[in-house]
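Note that these values count all heavy atoms, side chains included, but never hydrogens, waters or copies made by symmetry.
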Amino acid sequence: MKYKTLLYLNRLLAFIAFLCAFGRLCYELGGNKDVGSFALMFVYAIYYLLLLIISHRLVDAVIYTKKPYIIAASMSGGFIILMWALWLINLLCRDKPVTVIVSAIDVIYNCIITITSLAIGFIYFLLALKFKD
C-alpha cells in the first residue's frame, strides 16, 4: 500500500492518545480518589488501548476493501462524540458551579483527546477515500 505513512502517523496519534488517557487515569487514581470520574477515565484508557491495537494491526494488514477504514473512522469519531455528550450531561447534572468542576488539566486533556481522536478519524476517512479496489 502506498499510503503507509498515513497509517504510521495514525498509529503515532493512537499511541499519543493512549498515553494521555493512561496518564490521566493514573492521575485520577493517585490524586483524586474520591472523584467519580475514575470509571470514565478507565473507559478512555481501555478504548484508546483498543484503538492503538487496531491501528497497529492495520499498518501491516493487507486490506482489500475500504470497510475497515470506514469502521475505524466512525469508531473514533463516534466514541469522542459519545464521551463529550456523557461529560456534558455529567457536568450539567452536578450541584456544584462549573468553575469548581472544570480545572485547567480537564480543559487541556479534553482538547488533546478530542483533537487526536478527530485526527485519527480524519486519517481513516482519508485512507478510505483514497483506497482503490
Those residues that, when tested against Ile115, pass side chain to side chain contact (heavy atoms under 4.5 Å, CB included) (two or more places apart): none
Min side-chain heavy-atom separation Leu29-Met41 under 4.5 Å: no
ILVMFWY cluster membership beyond Ile16 - transitive side-chain contacts under 4.5 angstrom: Leu12
Distance (rounded to the nearest 0.5 Å) between Leu13 CG and Leu52 CG: 11.0 Å
Side-chain atoms of residues 117-125: list all donor-acceptor pairs with protein atoms under 3.5 Å, sequence neighbours left out, distances to 0.1 Å.
unit_1	atom_1	unit_2	atom_2	d
Ser117	OG	Tyr48	OH	2.3
Ser117	OG	Ile113	O	2.9
Tyr124	OH	Asn10	ND2	3.4

Residues in side chain to side chain contact (heavy atoms under 4.5 Å, CB included) contact with Tyr47, at least two apart in sequence or another chain: Leu51, Met75, Ser76, Phe79
hydrophobic_cluster_shared for Leu129 and Tyr69, side chain cutoff 4.5 Å: no
Spatial distance of atom CH2 (Trp84) from atom CD1 (Ile81) [nearest 0.5 Å]: 12.0 Å
Exercise: identify the closest heavy-atom pair between Val43 and Met83: CG1-CE, 4.4 Å
Verify same cluster id: Leu82, Leu92 (apolar side-chain graph, 4.5 Å): no
Leu7-Leu126 co-clustered via ILVMFWY side chain contacts under 4.5 Å: yes
For Leu19, side chain to side chain contact (heavy atoms under 4.5 Å, CB included) partners two or more places apart: Phe15
Value rounded to 0.5 Å, distance of OH in Tyr44 from CZ in Phe18: 15.5 Å
Between CZ on residue Arg11 and CD1 on residue Ile54, distance to nearest 0.5 Å: 14.0 Å
Nearest heavy-atom neighbours spanning Gly77 and Ile80: O-CG2, 3.3 Å
For Ile112, the rest of its hydrophobic cluster, which grows through side-chain links under 4.5 angstrom: Ile108
In one Ile/Leu/Val/Met/Phe/Trp/Tyr side-chain cluster, 4.5 Å: Ile70, Val59: no
